[in-house]
Amino acid sequence: MVKNTSIIDFPCWTDEKGSLVAVEAEDTIPFPIYRVYYIFDVGAKERRGFHSHLDLEQALVCVNGSVSILIEDDVASESVVLDDPTRALYVGPMVWREMYDFSDDAVLLVLASRHYEPSDYEKDHGRFQEKARAYFQQHESERR
Ligand code: T46
């Protein structure tokens, strides 16, 4: 997968009454939850995102309907379809993201590791590529 991303399967309890998913900070997801927001009523042709984050970690889960997420690191990109309320896409720092193909009924819930900070966004794709190259080179050399 693209660096700093993964799929997280949430535990789900299903019985004759229906299904329930519980998410616990620093357990089900690997960070404390400081903010929750959700995106809905997005037109089928709309595309959102177009940025990366410097420090923010997030878990994206489509709790209703479906949406596609393009994710990109310094060298690779891929698209992930979110259409299951028990599955989240973890997206860490220095990953470009674009959300598209929202179904009419899509509700994209996002759990975030920090409060809203406009200064944490990189919205210029060229600058993102430069920063991501430096960031992942440093992280890879630290791991050696
Ligand atoms: C991300 C993707 C998945 C706030 O005031 N507080 C908030 O916590 C957020 C997230 C947004 N806003 C305001 C800022 C804008 O005026 O809401 C408006 C729409 O936000 P934005 O254009 O950034 O939405 P997206 O869908 O492009 O991106 C959002 C998140 O901002 C971003 O962190 O990773 O969803």
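Treat the numbers as computed from the prediction; the structure is a model and nothing was measured. We count ligands from 1, going down the list as the structure has it; atoms in each ligand are counted the same way.
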**Q** I'd like to know if Arg35 and Glu117 make a salt bridge, using a cut-off of under 4.0 Å between side-chain N and carboxylate O.
**A** no
**Q** Does the plane of the ring in Tyr90 sit parallel, tilted or perpendicular to the ring in Phe31? Use 30° and 60° as the thresholds.
**A** tilted
**Q** Under a 4.0 Å threshold between the charged nitrogen and the carboxylate oxygen, would Lys131 count as salt-bridged to Glu122?
**A** yes
**Q** Can Asn4 and Tyr135 be counted as having a side-chain donor-acceptor contact under 3.5 angstrom?
**A** yes
**Q** Clusters formed by hydrophobic residues whose side-chain heavy atoms approach within less than 4.5 Å: which one holds Met1, and what are its other members?
**A** Val2, Ile7, Tyr37, Ile39, Val42, Leu60, Val67, Ile69, Ile71, Val80, Leu82, Leu89, Val91, Val95, Met99, Phe102, Leu108, Val110
**Q** As a test of reading the model: which residues have a non-hydrogen atom less than 4.0 Å away from ligand 1?
**A** Arg35, Tyr37, Ile39, Arg48, Gly49, His51, His53, Gln58, Arg97, Met99, Tyr116, Tyr121
**Q** Can Arg87 and Asp9 be counted as an ion pair, charged N to O under 4.0 angstrom?
**A** yes
